[in-house]
Amino acid sequence: MMDDPADFLRSAEDLKRFSRRRFLAGSTLGLTLAADLFVTRLIQRYRNDLEILRVRDDTAERRFPAASWFLFPGYKTSWEETVWILNSLRPALATRGQLAGVGYSNTGLNVDDIVAAVYRYIRNHQLRRIYFYGHSFGGMLAVEVAARLLERGVAVELVILDSTPAGPQDVLGSAMFEGVAALYDAGYRIPSVLRGGYELGERMLHKDERTWNTVLDQTLEQLSPLAPSSTLIQSEASYIYHFNPRLFASALGTTSLAFIGNPEDTTVDYDGARAEWAAVFPRNLVSAAQVTEGARPAHASPQWNPGVYQQVVREVLRRYSPPEQGGGLKSLF
């Protein structure tokens with residue numbers, strides 16, 4: 001039996017490579033643990049607290065003591081998969097800073113808490129150069145957090161929007177998604193006993209590039225005690241459904257935005273999202289031409305296509321984010 005779920009997470013930070021097979025094996029382990037109700041409750045209770053997940057990279061920490069990335073994970077992304085995505089992007093992201101991800105609370109998405117946690121992390125680690133990577137819907141959240149940090153005197157240098165919708169209108173085949181959001185807004189929480197049917201139905205409805213084995217694998221992953229809670233997933237759906245980028249149109253200051261994606265995306269309307277980000281943030285959007293060509297699935301999949309994404313991110317950084325000169329920078333605090 002695992003003594004402390006925190007130990008499991010800390011061990012994940014040390015992974016240099018995290019393959020699909022190992023990820024699925026971890027999910028299978030989670031299903032096995034589900035039989036032990038004590039362990040399941042322990043894991044879920046631990047994840048009720050929002051946490052900034054630091055992924056250690058000794059070289060990046062030595063080269064960039066005052067610079068860090070924050071990954072804002074996408075819809076239904078677990079803490080483990082957040083770490084996996086960061087490790088997949090590590091060769092590109094670590095050329096500019098240290099690595100951290102936002103572990104959302106299982107009690108639901110709370111933007112005030114996220115802003116406070118990121119701000120506290122920046123102060124505690126005396127960071128001066130801040131970069132955000134928004135994975136799918138996480139890009140929406142990254143934009144809002146960047147705007148609210150600026151109100152506190154902290155400027156984010158660059159936000160990468162990875163296949164990020166600019167609003168609910170960009171979410172393709174969104175009928176079931178809208179229903180989840182509507183239930184959450186009405187105060188109804190999807191109970192665990194209904195979760196399996198919902199997860200399987202969603203993937204069958206939007207099978208797209210998935211094989212039936214993948215549909216089953218992804219359904220089982222979402223039933224693991226390591227997966228995000230139903231409450232968190234519903235709150236994420238509600239956030240997407242109500243997001244309006246125009247609320248932050250003049251609130252980013254000099255923060256640069258870079259949209260990356262794939263025209264073959266069957267989850268988010270690539271052309272619509274790209275056009276809307278450009279229309280709302282004409283002074284901030286510095287790039288919308290980088291395409292994750294060849295990625296499968298086409299939507300926000302650095303963990304499945306690390307080579308494709310590393311190349312695209314490197315190009316964005318080469319053009320729009322020059323590296324530090326003269327070593328580490330002094331803290332603002």
Side-chain angles (χ1 to χ4, degrees), residues 18 20 23 69-90 92-93 99 101-104 109 131-145 158-174 177 202-203 206-210 214 217-218 221-222 227-228 232-233 236-237 239-241 243 245 257-274 276-277 285 287-316:
F18 205 113
R20 179 178 184 275
F23 178 68
W69 288 90
F70 291 85
L71 172 72
F72 292 81
Y75 188 53
K76 296 187 181 181
T77 302
S78 68
W79 289 17
E80 282 72 28
E81 193 168 5
T82 298
V83 173
W84 179 19
I85 293 170
L86 279 167
N87 277 303
S88 299
L89 294 167
R90 179 197 297 267
L93 299 185
L99 307 174
V102 180
Y104 305 138
L109 201 69
Y131 311 95
F132 284 175
Y133 189 102
H135 174 251
S136 190
F137 111 86
M140 296 172 154
L141 188 58
V143 167
E144 179 171 358
V145 173
L158 172 68
V159 179
I160 294 180
L161 305 170
D162 178 1
S163 307
T164 300
Q169 72 282 351
D170 296 326
V171 180
L172 301 174
S174 60
F177 155 81
E202 181 186 48
R203 285 164 180 77
H206 302 293
K207 185 171 181 289
D208 302 324
E209 300 167 348
R210 301 182 179 101
T214 301
D217 284 344
Q218 292 181 340
E221 288 165 16
Q222 290 299 324
L232 173 57
I233 289 172
E236 291 173 340
Y239 183 86
I240 298 168
Y241 188 72
F243 183 79
L257 303 180
F259 180 87
I260 66 175
N262 194 316
E264 297 181 13
D265 193 336
T266 56
T267 300
V268 167
D269 181 351
Y270 169 81
D271 291 321
R274 188 173 67 152
E276 183 67 5
W277 286 117
L285 191 69
S287 174
Q290 297 301 311
V291 177
T292 55
E293 185 176 2
R296 291 292 182 274
H299 176 73
S301 57
Q303 67 274 46
W304 305 110
N305 306 275
V308 172
Y309 276 80
Q310 288 168 23
Q311 181 178 350
V312 168
V313 171
R314 284 182 186 275
E315 183 62 18
V316 169

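Side-chain atoms are counted along with the backbone in the values below, which use heavy atoms only and exclude waters and symmetry mates. The structure presented is a predicted model; accordingly, all values stated were derived computationally and were not measured.
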Chemist: Taking all non-hydrogen atoms of both residues into account, name the closest pair between Thr267 and His299 and its distance.
Modeler: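 Residues Thr267 and His299, closest heavy atoms: CB-CG, 3.7 Å.
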Chemist: Looking only at heavy atoms, what is the nearest atom pair of Trp277 and Pro245, with distance?
Modeler: CZ3-CB, 4.1 Å
Chemist: Determine the interplanar angle of the Trp304 and Trp84 rings, folded into 0 to 90°, and report it as parallel if under 30°, tilted if 30 to 60°, perpendicular if over 60°.
Modeler: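 Perpendicular, since the angle between the ring planes exceeds 60°.
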Chemist: Quick check for you: to the nearest 0.5 Å, what is the distance between Leu161 atom CG and Ser136 atom OG?
Modeler: 11.0 Å
Chemist: To the nearest 0.5 Å, what is the distance between CD (Glu276) and CG (Asp271)?
Modeler: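 The distance works out to 13.0 Å.
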Chemist: What pair of heavy atoms forms the shortest contact from Ser88 to Pro302, and how long is it?
Modeler: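 What the structure gives for the nearest pair is CB-O, 3.5 Å.
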Chemist: Determine the minimum heavy-atom distance between Ala273 and Val268, stating which atoms define it.
Modeler: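 Nearest heavy atoms, Ala273 then Val268: CB-CG1, 4.1 Å.
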Chemist: Do you know which two heavy atoms are closest between Val308 and Glu293, and how far apart they sit?
Modeler: CG1-O, 3.7 Å
Chemist: Ile160 vs Trp69, test: side-chain contact (heavy atoms from CB on, under 4.5 Å). Steps then yes/no.
Modeler: CA-CA 10 Å; Ile160 294 180; Trp69 288 90; 3.8 Å; yes
Chemist: If you round to the nearest 0.5 Å, how far is OG1 of Thr292 from CD of Gln311?
Modeler: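 Atom-to-atom, Gln311:CD and Thr292:OG1 are 11.0 Å apart.
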Chemist: Look up atom CG in Leu99 and atom CG in Leu86, then write down how far apart they are to the nearest 0.5 Å.
Modeler: 5.5 Å
Chemist: Please round to the nearest 0.5 Å and tell me the distance separating atom OG1 of Thr164 and atom CZ of Phe72.
Modeler: 11.5 Å
Chemist: What heavy-atom pair brings Asp170 and Pro165 nearest, and what distance separates the two atoms?
Modeler: CB-CB, 3.7 Å
Chemist: Begin from the C-alpha positions of Tyr239 and Glu144 and carry the test side-chain contact (heavy atoms from CB on, under 4.5 Å) through to its verdict.
Modeler: CA-CA 11 Å; Tyr239 183 86; Glu144 179 171 358; 2.6 Å; yes
Chemist: CZ of Phe243 to CG of Leu141: how many Å apart, nearest 0.5 Å?
Modeler: 8.5 Å
Chemist: If the condition is ring-ring contact (aromatic ring centres under 6.0 Å, His included), which residues does Tyr133 pass it with, not counting sequence neighbours?
Modeler: none
Chemist: Spell out, as yes or no, whether a donor-acceptor pair under 3.5 Å connects the side chain of Trp79 to the backbone of Tyr104.
Modeler: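 A pair under 3.5 Å: yes.
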Chemist: So which pairs with a foot in residues 299-315 pass salt bridge (Lys or Arg N to Asp or Glu O under 4.0 Å), sequence neighbours left out?
Modeler: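 Checked against salt bridge (Lys or Arg N to Asp or Glu O under 4.0 Å) - neighbours excluded - the pairs reaching residues 299-315 are Glu315-Arg318, Glu315-Arg319.
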Chemist: Run the numbers on Gln303 and His135 for side-chain contact (heavy atoms from CB on, under 4.5 Å), then give the verdict.
Modeler: CA-CA 11 Å; Gln303 67 274 46; His135 174 251; 4.3 Å; yes
Chemist: List the steps and the verdict of side-chain contact (heavy atoms from CB on, under 4.5 Å) for Phe137 and Leu109.
Modeler: CA-CA 12 Å; Phe137 111 86; Leu109 201 69; 4.0 Å; yes
Chemist: The criterion is ring-ring contact (aromatic ring centres under 6.0 Å, His included); which residues satisfy it with Tyr309, sequence neighbours excluded?
Modeler: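 Once residues adjacent in sequence are excluded, Tyr309 has no partner under the ring-ring contact (aromatic ring centres under 6.0 Å, His included) criterion.
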